[in-house]
Amino acid sequence: MSQPHHIPTGQGRIQIQGVSKGFAQPGSSAPQQVLSDVSLSLRHGELVCLLGASGCGKSTLLNLVAGFEQPDSGRLLCDGHPITGPGPERGMVFQQPTLFPWLSVRQNVGFGPRMAGQRAADYAARADEFLRLVGLADFADHQPWQLSGGMRQRAALARAWLPEPEILLMDEPFGALDAQTRLAMQELLTHIWQHKRTTILFVTHDVDEALFLADRVVLLSSRPGRVREELPVPFERPRSFADLVADPRFGALKRDILHVLREEAAKSLQGVAA
Ligand SMILES: Nc1ncnc2c1ncn2[C@@H]1O[C@H](COP(=O)(O)OP(=O)(O)OP(=O)(O)O)[C@@H](O)[C@H]1O
Ligand SMILES: [Mg+2]
């Protein structure tokens, strides 16, 4: 495995410039075009939600920013430096919490610093701070299988945030949770984010979630994904969902976003039928 590629300057700005990406398809000489000429920038500390039909390339775009994949053309920059591989300044949270079953919750949360060669004494206090922030202080010595799904995702969130990344890439992290737990996680995420001011690129299928979390919502077209629309989200923070749904701008924005998403989903289904 290649060495982590640490980009040093510490702002968490992301620039995606004219990025295209295709993948080889079994039984075909032509690659499947997944992203086409995608350009998008995230400012320091901005929370951007990415929405689009299934298969339009959202996870692929996150994998490119994470440095797990390379674009076919275009450039990805982090604080002005080309992204050539994964690095500790960019953390990732997946839809399914990927905790190691043989490690305790505390050991899972401290996994990154431990793999980076730090001594437990150097990160134990921060691990405890994050366990407290996500409400798992009393479960630090439990094993992952002794936790509920929502608690596991909270542990995964603490683990991703412990190395204090400048950027967090979140791929439908709350998609598998029930509505109540999901709302609690959204509140928790914005609470920590407002303290830490991490730049976040967050993929979701849930329009309410996007409008609750985001400074800006980016809609991708159906595959090959390109930026179809960018919408600023005007609501003040801290937000409460009750206030949001009472705000007429919320209904109007939601209607506009759903309209675009339905149009794009119909296009991708036409592609399946063809
Ligand atoms: N490593 C890979 N190798 C080959 N094809 C891939 C690879 N990763 C993604 N794809 C293809 O790229 C397309 C987009 O996939 P991606 O996972 O980015 O979509 P998505 O927008 O995240 O969808 P969903 O909303 O369902 O998660 C799909 O057709 C998928 O088959
Ligand atoms: Mg995906």
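Read the numbers this way: they start at 1 and go in the same order the structure lists the ligands and their atoms.
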How about S59: does one of its N, O or S atoms come closer than 2.8 Å to the Mg ion (ligand 2)?
-> yes
Mind telling me whether F235 and F250 have parallel, tilted or perpendicular rings, with 30° and 60° as the class edges?
-> tilted
Using a 4.0 Å cut-off to any heavy atom of [X], which atoms of ligand 1 qualify?
| X | value |
| --- | --- |
| R223 | 29 (O) |
| Q32 | 11 (C), 12 (O), 29 (O) |
| H205 | 25 (O) |
| E172 | 25 (O), 27 (O) |
| V34 | 12 (O), 13 (C), 14 (C) |
| G57 | 14 (C), 18 (O), 19 (O), 20 (P), 21 (O) |

Just need the protein heavy atom nearest to [atom], so name the residue and atom and give the distance.
| atom | answer |
| --- | --- |
| atom 25 (O) of ligand 1 | K58 NZ, 2.7 Å |
| atom 17 (O) of ligand 1 | S59 CB, 3.6 Å |
| atom 26 (O) of ligand 1 | S54 OG, 2.6 Å |
| atom 9 (C) of ligand 1 | F23 CE1, 3.5 Å |
| atom 14 (C) of ligand 1 | G55 O, 3.4 Å |

Is the shortest distance from a Lys or Arg side-chain nitrogen in [X] or [Y] to a carboxylate oxygen in the other one below 4.0 Å?
| X | Y | result |
| --- | --- | --- |
| K58 | D171 | no |
| R132 | E129 | no |
| D215 | R43 | no |

Are the side chain of R126 and the backbone of L162 linked by a donor-acceptor contact shorter than 3.5 Å?
-> yes
Check whether any side-chain N or O of R152 sits under 3.5 Å from a backbone N or O of L99 as a donor-acceptor pair, and report yes or no.
-> no
So which bit of T60 gets within less than 4.0 Å of ligand 1, heavy atoms only: side chain, backbone, both or neither?
-> both
Heavy atoms only: give me the nearest F174-M185 pair and the separation to one decimal.
-> CE2-CE, 3.5 Å
Mind listing the closest non-hydrogen atom pair of G67 and Q70 along with its distance?
-> O-NE2, 4.1 Å
Scan side-chain atoms only and decide if H191 and E187 contain a donor-acceptor pair under the 3.5 Å cut-off.
-> no
